[in-house]
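Start at 1 with the first residue, then count along the sequence.
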Amino acid sequence: MGSVDYWIVGAYLVGLLGCGFVLARKASQSSEAYFLGDRNLPWWALGASGMSSNLDAAGTMTIVTLLYLFGVHGFFIEMRGGVVLPIAVFMAFMGKWHRRSGVATTAEWMGLRFGSGFGGKAARALAALTYLVITVGMIVFFLAAAGKFLSTLLPFDATTCSVGMATIALVYTLLSGLYGVVWTDVLQGFLIAGAAVYVAVRGALLLDANLLAQWEGARYNSLLPRLADSGLGEYEFFIAFLLAWIGKGLLEGLGGSGGSAYMAQRFYATRSDAECQKVGMLWIVLFSFRWPMALGFAIIGISLGVGAEDPERLLPHVLLSDVFPEGIRGLTIAALLAASMSTFDSTINAGASYATRDLFVPLFPSASERAQVWFGYAASTAVVFLGLGISLLGVESVVDVWVVIVIQLFPAFLVPFALRWYWGRFTGEGFSLGILAGFGTSTWMALTEAGASLNEIETLFGVMGVSLLGCIAGTYFSQPQQEQKLKSFYFQTRPNGLWPKAWKVSYKKELKENWLRLGAALVWQLSTFMLPMMLVLKKWGSVLLLALVWAVSFWALRRLQEAEGALPAQGRKDAP
């Protein structure tokens, strides 16, 4: 890196810390301000923040590696988590269900759903612990990738880079809470978008017949996925894996977890049902910048002949090449740092909200708002240092860490998180036993030779199957919830599923349109992501087809949103 590059990166990091100090006073006024921005942040800021929070250097390194090895089929492989299918579910209906609940965290939501008895308290505590486990796992992933990425660019080793990034992100997140997270994410989004356009255009300009001949993964650059191909290694029977990954992604969204604490947090902080849909749509549009950028990096790497020895180091090697002149290189590196920081800060803030609102407050109900904020500081620090400690033990492959998170950790909670919305008979005891059974199975798989020998499909369905059995057993061996409490929850949030027909009569049209909106949202999301990739690859037939699909699905979404806006007051109100 040249001196201009160092000045740009340094100015960016100093600016982050400055934002933290500026917003510190506003964020520290109450736990509601610290964790939800007083529910008064504009929808476009939440949507832009969502994009930044889902786009990080660790995930980008993983995606660039997969696109380098498997072309567009790398996109299909990332259906297991990197495509983030839950955003479509949140846009369709899950976002408004979260907002209507009026709580601050998903664990706090458990009290609304399961009551204040043993089942409700157990569900709340286990939900909070689940998100804390996921938070630590994601921090390990981010810091391991950051060390590998930055040590190639800076005159420091991987450990120093990981510690430095953790420290800077922790300081400004501690100071400014969700206010700082969202507004720094918005600013960082501009950096990310600019870098994405530059890299995608450079990649497209380099693409020609000679480069395609050098790219082994180019034979997988098809719009439709292959049913089977021995060249895909462990994913030889590709269609089976793809269906499993898509099902897992949809279940994440249908459970309202989004695979991360911060996704639901953005929708808890919105001001209306209509804003939830706007947040989701903007989130998807902005997140689509990730895919042509990653593809551009892969193409540039192939043109330079780098990546064969260690595809995960392709990204930093490309940044140090002559393709990025001094100044542009600094801006691009700052953008990738911004992507990492924005995901890291969201993860820290959301994880701390669960520790504070769902573990600390139930134990100390008389704690002042100031005490809750201070406990949030302590919780943020604890999860960062725990994740940092684990990451420093040695992580050989960033991709392997990601697979463990999305294939072993996430499935442990997907079934109980989904059943809580759609099965009226489901109880807090059933939720708790399902969580324990899921995590027990995933732990067994991680620690035993038999578990390690399973492929991704066997792991996914094994963990989910045992979790489902735990949910059913716990539900039927416990008393049904009081009808009045359950009815109050239903009329406040109005979810689809197995609920008494008499309760659903007034909302029949809305409930039907929820599923139609989900179908249109999924088609629109996937076409939004794939269209710019096909533009970079200059596959004009696929571009025309995707543009048509995009236009039709967008029209369907708009019509369904207009129809919901025209519902009578009884079908749109936020409480019984």
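Atoms CZ and CG, on Phe76 and Leu242 in that order, are 7.0 Å from each other to the nearest 0.5 Å. In this structure, CD in Glu234 is found 10.5 Å from CD1 in Ile457, a value given to the nearest 0.5 Å. Rounding to the nearest 0.5 angstrom, the gap separating the CD1 atom in Ile302 from the CH2 atom in Trp215 is 5.0 Å. To the nearest 0.5 Å, atoms CZ (Arg80) and CZ (Phe410) are separated by 12.0 Å. If you take OG on Ser442 and CZ on Phe413, they are separated by 10.5 Å, rounding to the nearest 0.5 Å. Going from atom CG of Asp273 over to atom CH2 of Trp97 covers 12.0 Å, rounded to the nearest 0.5 Å.
Annotation for Val543 and Leu531: closest pair O-CD1, 3.5 Å, computed over non-hydrogen atoms. When all heavy atoms of Thr65 and Met61 are compared, the closest pair comes out as OG1-O, 2.8 Å. The nearest pair of heavy atoms linking Gln277 to Gln561 is OE1-CG, 2.9 Å. In terms of heavy-atom proximity, Val83 sits nearest to Gln525 at O-NE2, 3.5 Å. Nearest heavy atoms, Arg329 versus Leu319: NE-O, 2.7 Å. Listed here is the closest heavy atom pair of Val536 and Pro292: CG2-CB, 3.8 Å.
Residues Ile284 and Phe90 have side chains not in contact (no heavy-atom distance under 4.5 Å, counting atoms from C-beta outward). In this structure, the side chains of Trp555 and Arg558 stay at 4.5 Å or more apart for every pair of heavy atoms. No side-chain heavy atom of Met91 sits less than 4.5 Å from a side-chain heavy atom of Trp283. A heavy-atom distance below 4.5 Å is not found between the side chains of Tyr235 and His73. In this structure the side chain of Leu46 never reaches within 4.5 angstrom of the side chain of Leu282, judged on heavy atoms. Residues Ile63 and Arg290 form a side-chain contact, since some pair of their non-hydrogen atoms from C-beta on lies under 4.5 Å apart. The shortest side-chain heavy-atom distance between Val72 and Leu223 does not fall under the 4.5 Å cut-off. Inter-residue side-chain proximity for Met293 and Thr60 is flagged as met; some heavy-atom pair is nearer than 4.5 Å.
The closest side-chain donor-acceptor pair between Thr270 and Trp43, if any, does not fall under 3.5 angstrom.
Looking only at distances, no side-chain donor or acceptor of His98 sits under 3.5 Å from a matching main-chain atom of Phe267. Checked by atom type and distance alone, the side chain of Lys539 never pairs as donor or acceptor with a backbone atom of Met534 at under 3.5 Å. A donor-acceptor contact shorter than 3.5 Å links the side chain of Lys538 to the backbone of Leu207. Between the side chain of Arg99 and the backbone N or O of Cys276 there is no donor-acceptor pair closer than 3.5 Å.
Aromatic ring centres of Phe287 and Phe529 lie closer together than 6.0 Å.
Considering only residues two or more places apart in sequence or on other chains, Leu386 meets the side chain to side chain contact (heavy atoms under 4.5 Å, CB included) condition with Val136, Ile390. Residues that satisfy the side chain to side chain contact (heavy atoms under 4.5 Å, CB included) test with Ile328, not counting sequence neighbours, are Tyr198, Phe324, Pro325, Thr332. The ring pair (Phe, Tyr, Trp, His ring centres under 6.0 Å) check on Phe70 picks up nothing, with sequence neighbours excluded. Every side chain to side chain contact (heavy atoms under 4.5 Å, CB included) that Leu518 has, sequence neighbours left out, goes to Val89, Ala92, Phe93, Leu254, Trp515, Leu522. In this structure, Ser542 has no side-chain hydrogen bond (donor to acceptor under 3.5 Å, both in side chains) partners at least two apart in sequence or on a different chain.
For CZ of Phe237, the number of neighbouring non-hydrogen atoms (other residues, nucleotides, ligands) closer than 6.0 Å is 12 at most. Under a cut-off of 6.0 angstrom, the local environment of CZ in Arg219 is crowded, with over 12 non-hydrogen atoms contributed by other residues, nucleotides or ligands. With a 6.0 Å radius and a threshold of 12 heavy atoms from other residues, nucleotides or ligands, Glu236 has its CD atom above the threshold.
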Exercise for the section: Go through Arg202 and Val323 one step at a time and tell me if the side chain to side chain contact (heavy atoms under 4.5 Å, CB included) criterion holds. Expected result: CA-CA 8 Å; Arg202 289 302 302 262; Val323 173; 3.8 Å; yes
Handout entry: Trace of the side chain to side chain contact (heavy atoms under 4.5 Å, CB included) decision for Leu85 with Leu526
Key = CA-CA 9 Å; Leu85 290 176; Leu526 293 177; 4.0 Å; yes
Problem - Residue pair Leu232, Tyr220: steps toward the side chain to side chain contact (heavy atoms under 4.5 Å, CB included) verdict - result: CA-CA 9 Å; Leu232 293 169; Tyr220 298 112; 3.9 Å; yes
Problem - Worked verdict on Val279 versus Trp44 for side chain to side chain contact (heavy atoms under 4.5 Å, CB included) - result: CA-CA 6 Å; Val279 168; Trp44 54 266; over 6 Å; no
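Legend: side chain to side chain donor-acceptor pair (under 3.5 Å) pairs involving residues 318-328, not counting sequence neighbours: none detected.
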